[in-house]
Amino acid sequence: MKKLIAPSILSADFTKLGEEVEAIKQAGADWIHVDVMDGHFVHNLTLGIPIVEALARTNPPPLDIHLQIDKPESFSEKFIDAAGDSILGITLQYETCALLHGSISTIKARGVKAGVAISPMTPIYVLEEVLDYVDMVLIMTVEPGFPGQKFITSMAEKVSRLREIIDGMDKSPLIQVDGGIKMENIKLIADAGADSIVSGSGIFSTSDYAATIGQMRSLIG
Ligand code: DX5
Ligand code: ZN
């Protein structure tokens, strides 16, 4: 299956967000990763409903919304409404979502892909009961909260372990990897078994998004 590249819009130039979305779309982005942070779960406050509504008006690539917030279940439908026809999926953070079964069901009932993300120090086994139920698992390869952090190398082995588990299952939720992914480590993480790869500063800090995404694709197949 073709590996999917999801640039994180949090690293884009917010003074010209519409142009950035168009540029990354033309550059061949498969999805746009939208990092929502509330200043509670993580010590950062990023973007919310109005920005997602604005993104949706630009006819963007499918929006892959990563809710790094407390009680994400209370906002998932609001973001689904805000994204409209551009919605791809909502990813809940395992560490802040106590009511996982109901929260996942709510997202799926809207015909939207449901994902669960785990932070670097959260072990894979906590996902045992959700693997059969979710559409995607997001392995964080940095501590949630900020773009531009250093990739935690030991997470590649964690991705391989999850790959092995999912390859032994009937269902096959996608594996997404997020955090510190750059040209120099993207092949490592693709080879470990990632299906969808998020990169923020690794793409938006470069001058030619098409060349960057093209070079990433040549490395990951
Ligand atoms: C971190 C976010 C990531 C981050 C990616 O909390 O979930 O999506 O913004 O940015 P880079 O690729 O620069 O680490
Ligand atoms: Zn993210």
Side-chain angles (χ1 to χ4, degrees), residues 3-14 17 20-21 24 27 29-48 51-52 55 60-70 72 75-76 79 83 87-97 113-122 134-156 158-159 174-190 194-207 209 212-213 215-216 219-220:
K3 306 275 184 194
L4 301 160
I5 294 179
S8 163
I9 203 80
L10 185 56
S11 295
D13 179 347
F14 272 49
L17 198 52
E20 291 279 79
V21 171
I24 208 74
D30 294 296
W31 302 345
I32 285 194
H33 185 78
V34 181
D35 282 308
V36 179
M37 301 177 194
D38 65 354
H40 292 280
F41 170 55
V42 294
H43 299 299
N44 196 3
L45 192 55
T46 58
L47 54 91
I51 297 275
V52 171
L55 283 175
L63 301 182
D64 157 40
I65 299 179
H66 180 190
L67 295 182
Q68 300 156 87
I69 64 176
D70 270 355
F75 274 93
S76 49
F79 275 99
I87 189 69
L88 170 92
I90 298 280
T91 297
L92 306 164
Q93 202 66 39
Y94 166 79
E95 295 83 2
T96 62
C97 190
K113 292 200 179 306
V116 174
I118 52 173
S119 297
M121 296 296 104
T122 301
V134 288
D135 301 297
M136 185 163 81
V137 172
L138 167 45
I139 300 283
M140 293 299 296
T141 42
V142 295
E143 195 86 306
F146 296 90
Q149 298 180 76
K150 193 169 171 338
F151 174 76
I152 302 171
T153 316
S154 61
M155 293 295 109
K158 186 175 182 181
V159 173
L174 294 179
I175 298 177
Q176 184 175 57
V177 180
D178 179 12
I181 309 286
K182 305 277 192 296
M183 208 62 79
E184 60 268 19
N185 59 26
I186 193 167
K187 182 168 177 12
L188 168 75
I189 214 64
D195 299 302
S196 165
I197 298 172
V198 175
S199 179
S201 53
I203 293 174
F204 284 105
S205 67
T206 67
S207 56
Y209 300 157
T212 302
I213 291 180
Q215 200 182 341
M216 286 180 163
L219 288 168
I220 63 177

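Just so it is clear, the structure is predicted and the values come from calculations on it, not from any experiment. Counting starts at 1 for both ligands and their atoms, in listed order. Nothing fancy with the numbering, it's 1 onward along the sequence.
- Counting heavy-atom neighbours within 6.0 Å of Phe75 CZ, excluding the residue itself, gives a total of 12 or less.
- At a cut-off of 3.5 Å, with distance as the only test, a side-chain donor of Ser201 or Lys182 sits close to an acceptor on the other residue.
- No side-chain donor from either of Glu143 and Ser119 sits under 3.5 Å from a side-chain acceptor of the other.
- Using a 3.5 Å distance cut-off with no hydrogens or angles, the side chains of Gln176 and His66 do not pair a donor with an acceptor.
- Closer than 2.8 Å to the Zn ion (ligand 2) sit the protein N, O or S atoms His33 NE2, Asp35 OD1, His66 ND1, Asp178 OD2.
- Using a distance-only test at 3.5 Å, with no hydrogens or angles considered, a donor-acceptor pair links the side chain of Asp30 to the main chain of Ile5.
- Residue-environment remark: NZ (Lys3) exceeds the threshold of 12 foreign heavy atoms within 6.0 Å.
- The environment of Tyr94 atom OH is sparse: at most 12 non-hydrogen atoms of other residues, nucleotides or ligands sit within 6.0 angstrom.
- Proximity of a side-chain donor or acceptor of Thr206 to a complementary backbone N or O of Ile203 within less than 3.5 Å is detected.
- Under 3.5 Å, the side chains of His33 and Asp35 contain a donor-acceptor pair of N or O atoms.
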Sub-3.5 Å pairs, protein N or O with ligand 1 N or O:
unit_1, atom_1, unit_2, atom_2, d
ligand 1, 6 (O), Gln68, OE1, 2.5
ligand 1, 6 (O), Gly145, N, 2.7
ligand 1, 7 (O), Asp35, OD1, 2.9
ligand 1, 7 (O), His66, ND1, 3.2
ligand 1, 7 (O), Gln68, OE1, 3.0
ligand 1, 7 (O), Gln68, NE2, 3.4
ligand 1, 7 (O), Asp178, OD2, 3.0
ligand 1, 8 (O), His33, NE2, 3.4
ligand 1, 8 (O), Asp35, OD1, 3.1
ligand 1, 8 (O), Asp35, OD2, 2.7
ligand 1, 8 (O), Asp178, OD1, 2.6
ligand 1, 8 (O), Asp178, OD2, 3.0
ligand 1, 9 (O), Asp35, OD2, 3.0
ligand 1, 12 (O), Gly200, N, 2.7
ligand 1, 13 (O), Gly148, N, 2.8
ligand 1, 13 (O), Ser201, N, 2.9
ligand 1, 13 (O), Ser201, OG, 2.5
ligand 1, 14 (O), Gly180, N, 2.8

